[in-house]
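Below, chains carry the letters A, B, ... as their sequence lines are ordered, and counting in each starts from 1.
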Amino acid sequence: MAQEGNSNRGLKGSFMNEHYHPKPIERRWQDYWKNNKIFEAREDPSREKYYLLEMFPYPSGKIHMGHVRNYTIGDVVARYKSMRGFNVLHPMGWDAFGMPAENAAIANNTHPARWTYENIDFMRRQLKSMGFSYDWDRELATCRPEYYRWEQWLFLKMYERGMVYRKESEVNWCETCQTVLANEQVEQGLCWRCGKEVGSKKLKQWFFKITDYADDLLEHSDKLLPGWPEKVVTMQKNWIGKSIGARILFPLADRDFSIEVFTTRQDTVFGATFMVLAPEHPLVPELSRGTAQEGEVARFVERMARQDKALRTAEDYEKEGVFVGAYCINPMSGRRMPVYTANFALMDYGTGAVMSVPTHDQRDFEFAKKYGLDLVVVIDRPDDSLDAAAMTEAYTEDGVLVNSAPFDGMGNRDAMEAIADHLEKNGIGSRSVQFRLRDWGISRQRYWGAPIPMVHCPACGVVPVREEDLPVVLPEDADLLPGGKSPLTALESFMKTSCPACGSEDARRETDTMDTFVESSWYFERYCSPHYHQGMFDTRAVDYWMPVDQYIGGVEHAILHLLYSRYFTRVLKDVGLVKFKEPFTRLLTQGMVCKETMKCATHGFLFPEEAQGSGNERTCVKCGGPVEIGRMEKMSKSKKNVVDPARLLEQYGADTVRLFCLFASPPERDLEWNEQGVDGASRFLNRVWRMTHQRLAEVSGVDAYEGSPEALKGDSRELYRKTHDTIRRVSTDIEDRFHFNTAVSAIMELVNEIYARENVLKASRGREILKKAMETVVVLLAPIVPHMAEELWEALGHEPGIAHAPWPEFRQDALATRTLTIVVQVNGKLRSRLTVDADTDEESIKDHALEDPQVKRFIEGKTLRKVIYVPGKLVNVVV
RNA sequence: GCCUGGGUGGCGGAACCGGUAGACGCAAGGGACUUAAAAUCCCUUGGGGCUAGUCCUCGUGCGGGUUCGAGCCCCGCCCCAGGCACCA
């Protein structure tokens, strides 16, 4: 600490021993926060709440830079709001079910539960060492029965309301491993484990009827999510994919029933020249039966069934199909249309049947050309007519109807309505809306997930578990089977149960577990009362805290997790548990953390520590060969361009890591990792540390100046002005824009100013002004580098606890300057600057500008046309 | 192909309502301190030019336009990233 006698020495170099050591400081304050329950949140109706939430992590082993960035951003906002007087809820927990636990268990011969809980313990310690302001008493893990029992409870409620149903659905199936594969376990159509080709298999699976809410979710996307990034809203809208059109019945030529199609282009119905059915369409075998096509059709359908889904949706997938041997009649044109089945028709969209209009749909056009089918133009360009025979692509623009009997000459937009009316009036079709969104398949043939609370009884069929029998506990004594097949099916103690309806002892439990997205669709509500055992949550707590005011996470969850959460919240509302529809008022999607990749010709990708040297001259530590520097990419283990937060924490401390994450780029953009930048952040903190300690003796016992700037002059006035301007800038940067990088810049500028205004101590009130500036630096840094801020706050003579210190307000009157710099332009080009008193009127500023020698040079001999004055900013002389 | 973002010094990035382009940091160079180094503190740093200034000129992906004035607005392109993509 500074000694009295040091005060009259120069500021520079007198306290060389004052060095910043983050480790003990961080330990000390983390203990302080914990012991004093500084971040414990309690409902308090007299205070305005602020619920800040970051997407909870999957406990994969240890935290990575993506977590560090995400949680640092959230922590700054939480701490800032807390200093602003809000009652802040800032919880943390674990998205603890999922496949990696099973994989690790098989690979390391441990149990998924053990692996998961050990990871949680390790990662919790890591998060604590970052100094995040979580209320750890609210921690939850979704794999615990006391969590998922309420999920099972809600499942039963949804089942009662018809929100849950079972249907046949395809899964990826590996014959060799005898197991179901998730999409991410299928690599280019091959099983990730054995490398054999993946097929598909039909299983009866559970679904949530999210499509019931498609319209509602879509509508609110626009109206009620103003605090969401437009990008995310658009992605959700596309995902829901509402299409407005019509259903039309096409009678079969020789039978007395019809094929129903969905189309968005009923205006082109007269141009429909053939029909396409999905290979899975029930009419395909029926129509081909007994025809010459029967064998070929059966072979085609069989081949499509075996084909991998990933392949079928591949980019340059060749359109192919076969004639099924039957014809239908176009109800509008009367044309006899051959019926085909083709790979591109999907059974689960619309009706699984497509009326094909090759002249006005590119896909139909290609198919027709390939199989020599007829083309009839029904929409002409407004100015010239199309010749079907000469077309090289479909005409999909607007135009005028032709070859459409009573509708000829009508604009196609009008014809849409007119034809829809005609269809409805004649009972051959109706207006219809389709969504791209499918129901949410939640069944997973996996062990490490929440059991679906259903029982299969030979007598009663599928029966829900009784509410009082919940939870259906996932047995932890299961042995994992090689290949990943769920061990539940082999576990007699789990499988065997009695029927809740008839009591039969022959009943079997459902062995499917729920998709982990189910757990993450309501955890934010559970946080409000995590220890509540009478229901999913205490509605009073939820009424107080929800909705989440600010949600922060990666853009990779922009669609599924967020859409499912919005859906679940609607379900909870319908069940009567919550009063709102939208769980997240504001959303911030932060960018990825990136780093350049490094590759050695013999050793492939290299970890950063496996290359030595700098710049483009790096060599491989294993073989000394040259290292090729690749482009910036998202940090990933497979590319080895990763930085382990644990190492950084060890080397620099949490505050430096936090500072760098915030300073390097604004949160929504990608962050390019740069070790020298981390050094820079560390250097700045050292500078702040020194700045404070070197001046401590000067300001100890002095109260920070809080008065009017009236009496201040020179350096005092300037430093005071800069101090308040910094408060203003940092507040708006954090509050309105989450631009922490510019907030940090502003604080850096203030620190630079303190160094530059050494003479302030000679002025009257100098010490008080200096103290105010120094305190401001510390208090503004508090949400960003909380440990150092606490330490310096105490050193400056305050009681511990900057976390709850009030955020400073800026004084408008302190921002004013005595003089203004007015820029003078001639014809828009900068020519001179004027320094004038702040109260100088417009006329005299203009006069000054015209008399300025620099300006005169450029207006001499020219006609003065106009003089524009922007108050306090500039004069533009137009000649 | 469609929908979003984005393109600014050697680099990360600033520029808030159309008004001084390049804040802040990194890197680089120079100086001070030191026996020396590290650390620290100070200075310089977009390109070009000359008469060396309180100077001129070019410059925010490219080409046009609106305006007294455009990185920012409008029209037409190019490139990069992300998302969707046989959805009838």
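Remark: P of B/rC84 and CZ of A/Phe435 are 20 Å apart, rounded to the nearest angstrom. Computed from coordinates, the A/Met347 CE to B/rA88 P distance equals 16 Å when rounded to whole Å. B/rC24 atom P lies 16 Å from atom CZ of A/Arg683, rounded to whole Å. The distance from atom CZ of A/Phe365 to atom P of B/rG1 is 18 Å, rounded to the nearest whole Å. As a whole-Å value, the separation of A/Phe684 CZ from B/rC41 C1' is 16 Å. Note: CG (A/Leu750) to P (B/rA23) measures 18 Å, nearest angstrom.
Partners of A/Arg438 by salt bridge (Lys or Arg N to Asp or Glu O under 4.0 Å), not counting sequence neighbours, listed by chain and number: A/Asp348. For A/Gln362, the side-chain hydrogen bond (donor to acceptor under 3.5 Å, both in side chains) criterion is met by A/Glu366, not counting sequence neighbours. By the side-chain hydrogen bond (donor to acceptor under 3.5 Å, both in side chains) test, A/Asp847 pairs with no residue at all, sequence neighbours left out. Checked against salt bridge (Lys or Arg N to Asp or Glu O under 4.0 Å), A/Glu672 has no partners two or more places apart in sequence or in another chain. For the side-chain hydrogen bond (donor to acceptor under 3.5 Å, both in side chains) test, residues two or more places apart in sequence or in another chain that qualify with A/Asp398 are A/Asn412, A/Arg413. In this view, A/Glu749 and A/Lys722, A/Arg729 satisfy the salt bridge (Lys or Arg N to Asp or Glu O under 4.0 Å) rule, not counting sequence neighbours. A search for side-chain hydrogen bond (donor to acceptor under 3.5 Å, both in side chains) contacts involving A/Asp439 returns A/Tyr165, A/Thr211, not counting sequence neighbours.
Place A/Gln825 and A/Tyr349 on RNA chain B by their nearest nucleotides, and A/Gln825 ends up nearer the 5' end. Both A/Phe858 and A/Arg833 sit near RNA chain B, but only A/Arg833 has its closest nucleotide nearer the 5' end.
A/Lys237 comes within 4.0 angstrom of nothing in the nucleic acid, heavy atoms only. Note on A/Val354: a base of the nucleic acid sits closer than 4.0 angstrom, heavy atoms only. Within 4.0 Å (heavy atoms only), A/Asn752 reaches sugar-phosphate atoms of the nucleic acid but no base atom. Residue A/Glu230 is classed as a sugar-phosphate contact, given heavy-atom separations below 4.0 Å to backbone atoms only.
At a cut-off of 3.5 angstrom, the base of B/rU40 holds no donor-acceptor pair with the side chain of A/Arg687. At a cut-off of 3.5 angstrom, the base of B/rA88 holds no donor-acceptor pair with the side chain of A/Arg265.
Neither side chain, A/Asn641 nor A/Thr597, offers a donor N or O lying under 3.5 Å from an acceptor on the other. Side chains of A/Arg669 and A/Asn741: no donor on one and acceptor on the other come within 3.5 Å. A donor-acceptor contact closer than 3.5 angstrom links the side chains of A/Gln236 and A/Arg566.
A glycosidic torsion no more than 90° from 0 defines the syn conformation, and B/rC17 adopts it.
For residues 864-877 of chain A, proximity to RNA chain B is found at A/Lys866, A/Ile868, A/Val870, A/Lys873, A/Leu874, A/Asn876, defined as any non-hydrogen atom under 4.0 angstrom from a strand atom.
You'll find that the side chain of A/Val823 is closest to B/rU20, out of B/rU20, B/rC86, B/rC56. Picking from B/rG25, B/rA88, B/rC84 the nucleotide with the shortest atom distance to the side chain of A/Trp239 gives B/rC84. With B/rC55, B/rU4, B/rA88 as the choices, the nucleotide that has an atom nearest any side-chain atom of A/Ser243 turns out to be B/rA88.
Taking atom C1' in both B/rG10 and B/rC62, one finds a spacing of 23 Å when rounded to whole Å. To the nearest whole angstrom, the two C1' atoms, one in B/rA32 and one in B/rA37, are 15 Å apart. Using P as the reference atom, B/rG61 and B/rU57 are 22 Å apart when rounded to the nearest Å. The P atoms of B/rG30 and B/rC16 are separated by 37 Å, rounded to the nearest whole Å. Nucleotides B/rU34 and B/rA23 have their P atoms positioned 33 Å apart, rounded to a whole Å.
Taking the six-membered ring where tryptophan is involved, the planes of A/His561 and A/His557 are perpendicular, since the angle between them exceeds 60° and thus also 30°.
Judged by the 6.0 Å and 45° rule, A/Arg687 forms a cation-pi pair with A/Tyr755.
Checked against the 6.0 Å centroid criterion, the rings of A/Trp440 and A/Phe207 do not qualify as a close aromatic pair. Ring centroid separation for the pair A/Tyr340 and A/Phe367 comes in under the 6.0 Å cut-off.
Residue pairs meeting the side chain to side chain donor-acceptor pair (under 3.5 Å) criterion with at least one member in residues 821-832 of chain A, sequence neighbours excluded, are A/Ser832-A/Asp852.
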Distances under 3.5 Å between protein N/O atoms and the N/O atoms of nucleotides 46-54 of chain B, please, pair by pair.
unit_1 : atom_1 : unit_2   : atom_2 : d
B/rU54 : O2'    : A/Gln854 : NE2    : 3.4

Quiz prompt | Sugar-phosphate or base contact per nucleotide [nucleotides 12-18 of chain B; S, B, -; heavy atom under 4.0 Å] | solution = BSSS---
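When the side-chain nitrogen and oxygen atoms of A/Arg831 are compared with OP1 and OP2 of B/rC56, one or more of them lie within a distance under 4.0 Å.
Stem regions for RNA chain B, each three or more consecutive Watson-Crick or G-U pairs with both distances under 3.5 Å and listed by first number, read B:1-7 with B:78-84, B:10-12 with B:24-26, B:28-32 with B:40-44, B:46-49 with B:55-58, B:61-65 with B:73-77.
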